[in-house]
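Please read the structure below before turning to the comments.
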Amino acid sequence: MVQLLDQDIMTREVLDWKGVHLFHAAISSCSQKARVYLNFKGINWTSHVVEMGANNESYYMGINPRGLVPTLVHDGDVHIESNDIILHLEEHFPSPPMIPVAYRGSIKQLLRHEDDLHLQLRTVTFRFLMPPTNKPPKSQEELDAYASSGSGTVLGIADEAKAREIAFYRWFLEGGIPEKAVQAAVAQFKAEFMGLNETLRSQPFLLGDAVSVLDIAWLIYAHRLFICGYPIERLHPSLWEWYQRLSIDARFKDEIAAPHEMASMRERLPAEGRYDRGTLEDVCAL
Ligand SMILES: N[C@@H](CCC(=O)N[C@@H](CS)C(=O)NCC(=O)O)C(=O)O
């Protein structure tokens, strides 16, 4: 669990907050995951929307030293990392349970495996979904400011996650995301999706007969890949059936479809020129 220590937090006002507060952004996949989970649990929470850009300003960097969303403030304790946020809430709000008893020992590892692909998800997103622009998403000056803002520590230790973030955004200052990185990311998702598809051939949900936190986590990824142009239906029919079944459930639908800019994106991509350098299927030879 990543519950920050006092010394990690510079925006001190949150330490006095009572109840469940979530800092999140509409189109952020990790925020979607946390919101879907909150919907399933029926937990009352206070929303703090973080506009992209404001996540690197000093107020938010003082709450989350990585400058990433989501962040949970629960009765004055600050938790980062979407999967850890979910696991923390599951401990405090056990009903209805969203981790089958048989998986209580392994769920952390299963979720970590999903989170390990987060930068790959962002790679595919920036390549196929973001509006075309010649301006890098973050300038060198912005990256320098990011490097030195916030406490710089997580759990009291100098945080290495920032370096990964900076390396990702430096790609855009050096000519864009390398095509090889896009292809490698999609290949990793394909391998994962093949495994999930196999599981879903014999059971309705990833951990058995009931929806679990693992379904939430992977559905968000499957949705993002789908709107980027990944052919789930053609390559992974059981995964597609699961995705179709779950994504019409209001607890998912309201979070993954609500932001209009995302909802209609798959349809708008060709007209916006996103496919001028090839569709995901072309680029990744799927
Ligand atoms: N492993 C982290 C990843 C968090 C993350 O990368 N969040 C993205 C949105 S999904 C973000 O805040 N991006 C802002 C940025 O790149 O500046 C988690 O699960 O919470």
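Each ligand, and each atom within it, is numbered from 1 in the order the structure gives. Keep in mind that the numbers below use all heavy atoms, side chains included, and drop hydrogens, waters and symmetry copies. This is a predicted model, so every value here is computed, not measured.
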Whether [Y] and [X] form a salt bridge (side-chain N of Lys/Arg under 4.0 Å from carboxylate O of Asp/Glu) is what I want to check.
| X | Y | result |
| --- | --- | --- |
| Lys138 | Asp144 | no |
| Arg104 | Glu90 | no |
| Lys33 | Glu114 | yes |
| Arg164 | Glu160 | no |

Record the part of Asn55 in heavy-atom contact with ligand 1 below 4.0 Å; permitted values are side chain, backbone, both and neither.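 Side chain only.
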Give the atoms of ligand 1, by number and element, whose distance to some non-hydrogen atom of [X] is under 4.0 Å.
| X | answer |
| --- | --- |
| Tyr169 | 15 (C), 16 (O), 17 (O) |
| Arg122 | 6 (O), 16 (O) |
| Ser29 | 10 (S) |
| Pro70 | 20 (O) |
| Asp115 | 1 (N), 2 (C), 19 (O) |
| Met52 | 14 (C) |

Assess the side chains of [X] and [Y]: does a donor N or O sit below 3.5 Å from an acceptor N or O?
| X | Y | result |
| --- | --- | --- |
| His74 | Gln3 | no |
| Tyr59 | Glu13 | yes |
| Thr71 | Tyr60 | yes |
| Asn83 | Lys108 | no |

Quick test of your reading of the structure: of Cys30, Ser28, Ala34, Ser31, whose heavy atom lies closest to atom 3 (C) of ligand 1?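 Comparing heavy atoms across Cys30, Ser28, Ala34, Ser31, the nearest one to atom 3 (C) of ligand 1 lies in Cys30.
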Closest to atom 2 (C) of ligand 1 among Lys138, Glu81, His79 (heavy-atom distance): Glu81
Below the 3.5 angstrom mark, is there an N/O of Leu68, backbone or side chain, next to an N/O of ligand 1?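 N/O-N/O distance under 3.5 Å: no.
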Considering only the protein, which heavy-atom contact is closest to atom 19 (O) of ligand 1, and what is its distance?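 Here the nearest protein heavy atom works out to Ser82 OG, 2.6 Å.
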What protein heavy atom is closest to atom 4 (C) of ligand 1, reported as residue, atom name and distance in Å? Val69 O, 3.5 Å
